[in-house]
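For this chain, numbers begin at 1 and follow the sequence in order.
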Amino acid sequence: MVAIDLDGVLRVPPARAGSPVREGIISAEITYRRDAYPTLHHSQPPWDEHDEFTDEDGEEFSGVGVAWVRDLLHRDIEVVWATTWQHHANAYFSPILGFPELPVAVVGNGFPFQEPSEWKVAQLGADPRWAGRPLAWVDDDIPPGWGVERTRRPRDRAITLSHRVASSWRGLVQGDVDHLDAWLARASTPEGQAELRRHRRAELQLAATRRRRQRQRAERSERCEAALNALLPRSPELARVLARFAGRPSAETIIRITARHEIDGSTLRSILAVLTSFDAIE
């Protein structure tokens, strides 16, 4: 299943004078109505006396993105809207883009979420309709660490993809489509899903190893700093700087750092001995 945003993915801002050329753009004119317009995360346009608004510059869409969605539907891949436009996306955009009425995956008033990405992640990840199924979320606003994987069941996280388009001004481009299609092809077979699960396990193991080493380095630095403070009771800041070199001291570097302090040769040798006494953590 593919959950797709609208603005910044399919719908792109109109080009202005001097803007770089964008190929494959689809243009259309849409008249919006005040009584059928989203309010959440949307500013209101300048309505006319009939409570309507038509952008004089017209609306522009990524031709690559529109063609890709049509192709997904032709391949019987379920596509849903994950956009702050909610059901208005079907009213205004699906007809002119040649889409059928698509299911709307993100609904409601967004309470208590402040950002659209949080709102989408909460609903997409918890929706029982997608449980046990591959899910690709395509958006131009996916903050680091806010992929939909975080709210899906642990078993489903390996078959989840959060794909952020590089530029909301360009929307979906062929590179995005190639990456998404390759992932969908893999996620659509038992063998591919097994590969995705193996890859996720390896990623989790690597992340756990990195966290463990970070903790080890922090603990080693604290112990080293305490030992150096015994040698340098009047220079705690110097001890803190030198503790960073625990397990991997360079005599030349340590001499250079301590040169601005009144450190005698005996104390310098003791400092190097303390630093060397700690094992390096690679």
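Leu97 places none of its side-chain heavy atoms less than 4.5 Å from the side chain of Val69. Side-chain contact between Leu135 and Asp156 is absent, with no heavy-atom pair separated by less than 4.5 Å. At a threshold of 4.5 Å between non-hydrogen side-chain atoms, the residues Leu184 and Leu72 count as touching. Using a 4.5 Å cut-off on side-chain heavy atoms (C-beta onward), Leu172 and Ser62 make contact. Side-chain atoms of Pro143 and Asp141, non-hydrogen and from C-beta on, do get closer than 4.5 Å to each other.
Between Gly171 and Val165, the closest heavy-atom pair is O-CB, 4.4 Å. Across all their heavy atoms, Val9 and Asp140 have their closest contact at CG2-N, 3.7 Å. The nearest pair of heavy atoms linking Ala28 to Phe61 is CB-CE1, 4.2 Å.
A donor-acceptor pair under 3.5 Å links the side-chain atoms of Thr258 to the main chain of Ile254, judged by distance alone. Using modelled atom types, no side-chain atom of Arg155 and backbone atom of Gly132 make a donor-acceptor pair closer than 3.5 Å. At distances below 3.5 Å, not a single donor-acceptor pair connects side-chain atoms of Thr160 with backbone N or O atoms of Glu149.
For the pairing with Trp85, the side chain to side chain donor-acceptor pair (under 3.5 Å) check across Asp7, Asp5, Asn90 returns one residue only, Asp7.
Counting non-hydrogen atoms of neighbouring residues, nucleotides and ligands closer than 6.0 angstrom, the CZ atom of Arg152 exceeds 12 such neighbours. Counting non-hydrogen atoms of other residues, nucleotides and ligands closer than 6.0 Å to CD of Gln174 gives a total above 12. Counting non-hydrogen atoms of neighbouring residues, nucleotides and ligands closer than 6.0 angstrom, the CZ atom of Arg75 exceeds 12 such neighbours.
In this structure Phe99 satisfies the ring-ring contact (aromatic ring centres under 6.0 Å, His included) test with no other residue, sequence neighbours excluded. Listed by chain and number, the residues in a side chain to side chain donor-acceptor pair (under 3.5 Å) with Arg129 are Asp127 (sequence neighbours excluded). Under the rule for a salt bridge (Lys or Arg N to Asp or Glu O under 4.0 Å), the partners of Arg133 that lie at least two apart in sequence or sit in another chain are Glu78. Scored by the side chain to side chain donor-acceptor pair (under 3.5 Å) test, Gln86 finds no partners at all (sequence neighbours excluded). In this structure, Phe245 has no ring-ring contact (aromatic ring centres under 6.0 Å, His included) partners at least two apart in sequence or on a different chain. Applying the ring-ring contact (aromatic ring centres under 6.0 Å, His included) test to Trp130 and every residue at least two apart in sequence or in another chain returns nothing.
Annotation: ring pair (Phe, Tyr, Trp, His ring centres under 6.0 Å) contacts involving residues 142-177, sequence neighbours excluded, comprise His163-His179. Screening residues 247-269 for ring pair (Phe, Tyr, Trp, His ring centres under 6.0 Å), with sequence neighbours left out, gives no hits. Sorted by first and then second residue, the salt bridge (Lys or Arg N to Asp or Glu O under 4.0 Å) pairs with a member in residues 35-47 read Arg33-Asp35; sequence neighbours excluded. For residues 184-212, the set of pairs meeting the ring pair (Phe, Tyr, Trp, His ring centres under 6.0 Å) definition, not counting sequence neighbours, is empty. Legend: salt bridge (Lys or Arg N to Asp or Glu O under 4.0 Å) pairs involving residues 38-55, not counting sequence neighbours, sorted by first then second residue: Arg34-Asp51.
The aromatic rings of His41 and Trp119 sit tilted, their planes meeting at an angle between 30° and 60°.
Here the two rings, on Trp81 and Phe93, have centers that are 6.0 Å apart or farther.
Hydrophobic cluster of Ile25: the remaining members, joined at side-chain heavy-atom separations below 4.5 Å, are Val12, listed by chain and number.
Glu237 has a carboxylate O that lies under 4.0 Å from a charged side-chain N of Arg240, or vice versa, which qualifies the two as a salt bridge.
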